[in-house]
Amino acid sequence: GAGVSQSPSNKVTEKGKDVELRCDPISGHTALYWYRQSLGQGLEFLIYFQGNSAPDKSGLPSDRFSAERTGGSVSTLTIQRTQQEDSAVYLCASSLESGGGASGTQYFGPGTRLLVL
Amino acid sequence: AQSVSQHNHHVILSEAASLELGCNYSYGGTVNLFWYVQYPGQHLQLLLKYFSGDPLVKGIKGFEAEFIKSKFSFNLRKPSVQWSDTAEYFCAVNAGGKNYGQNFVFGPGTRLSVLP
């Protein structure tokens, strides 16, 4: 079946502009995650959605970052008033369920490479 | 909060050499453990995972990992690497709990370069 997809694959924007990044999880997956991967760095957790529960936003670096998940499927990560330090690859992952075990295994999308000039 | 450390930032090997990438985590409870691989220009892929049972886990492409609970370690091994194994390898730990998102923690990654 189809994997996690993300769009756009690349985004170049000017400092101060807003950007929206989209994630389509695997069909039927209830859990969705956003991560940020900066050059030479590991994955930095941003936000987590599980079903209809309130999202875990504890990883968002500032109030310029927000995310939504509509209808329990597609998610949009929005960065307002972008800064140069926001340049990174933004990764989305989904899992069948949260929690441990096989159903908690995350499957990743190809990422969106964001460059803020 | 739990953390994951990977011993080596960059490992360079010749083809046919044996590989061991270290991974340690800090969490005293039950954990699920993962190794992900990111080949150049590709997205993260699951290499192998441990949930319970036999602590020696076999994954794709001849990789294996051993969970040693007493050492809080989950080292990745391959007896004979190939040029195509050149990639970035990430260890990850899922400790579950209330704040689930934060409890799925990735290590900083180890870049493996295999020389032909």
Side-chain angles (χ1 to χ4, degrees), chain A residues 2-7 9-10 23 26 30-51 53-61 67 69 75 77 89-113, chain B residues 1-10 21 23-25 27 29-53 57 59-60 67 87-111 113:
Chain A
V4 179
S5 61
Q6 293 185 244
S7 61
S9 54
N10 291 281
C23 171
I26 294 172
T30 63
L32 186 148
Y33 312 78
W34 282 99
Y35 295 91
R36 178 167 69 175
Q37 185 180 24
S38 302
L39 188 63
Q41 303 294 315
L43 276 70
E44 175 189 3
F45 164 76
L46 297 177
I47 187 169
Y48 156 70
F49 297 89
Q50 171 57 55
S53 302
D56 176 1
K57 304 179 181 180
S58 56
L60 294 178
R69 189 178 186 193
S75 177
L77 177 68
V89 177
Y90 289 82
L91 294 170
C92 176
S94 71
S95 63
L96 188 60
E97 297 174 350
S98 62
S103 59
T105 300
Q106 296 189 21
Y107 296 89
F108 283 82
T112 293
R113 189 175 301 274
Chain B
Q2 48 270 17
S3 63
V4 179
S5 61
Q6 293 183 236
H7 304 168
N8 308 99
H9 178 66
H10 190 189
L21 302 182
C23 172
N24 286 87
Y25 63 92
Y27 184 72
T30 301
V31 293
N32 300 144
L33 301 159
F34 305 82
W35 276 96
Y36 284 84
V37 60
Q38 188 170 29
Y39 297 104
Q42 298 186 28
H43 60 275
L44 275 163
Q45 302 172 39
L46 182 66
L47 198 56
L48 49 78
K49 58 194 176 189
Y50 169 80
F51 297 128
S52 63
V57 180
I60 60 172
F67 169 49
E88 186 104 23
Y89 292 81
F90 294 91
C91 180
V93 176
N94 169 14
K98 183 179 179 181
N99 295 320
Y100 184 76
Q102 284 280 33
N103 289 331
F104 206 112
V105 180
F106 283 81
T110 296
R111 184 190 306 173
S113 298

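Every chain is numbered from 1 and lettered A, B, ... according to where its sequence line falls, protein lines coming before strand lines.
For chain A, the nearby part of B:Tyr36 is the side chain; its heavy atoms alone come within less than 4.5 Å. Proximity to chain B (any heavy atom under 4.5 Å) is restricted, for A:Leu91, to the side chain, taken from C-beta onward. When heavy atoms are compared at a cutoff of 4.5 Å, B:Leu46 approaches chain A solely by way of its side chain, counted from C-beta outward. With a 4.5 angstrom heavy-atom cutoff, A:Glu44 does not touch chain B via any of its atoms. Heavy atoms of B:Gln38 lying under 4.5 Å from chain A belong exclusively to its side chain.
Atom-to-atom distance recorded for B:His43:NE2 and A:Cys92:SG is 11.5 Å, nearest 0.5 angstrom.
Aromatic ring centroids of B:Phe90 and A:Tyr35 lie 6.0 Å or more apart.
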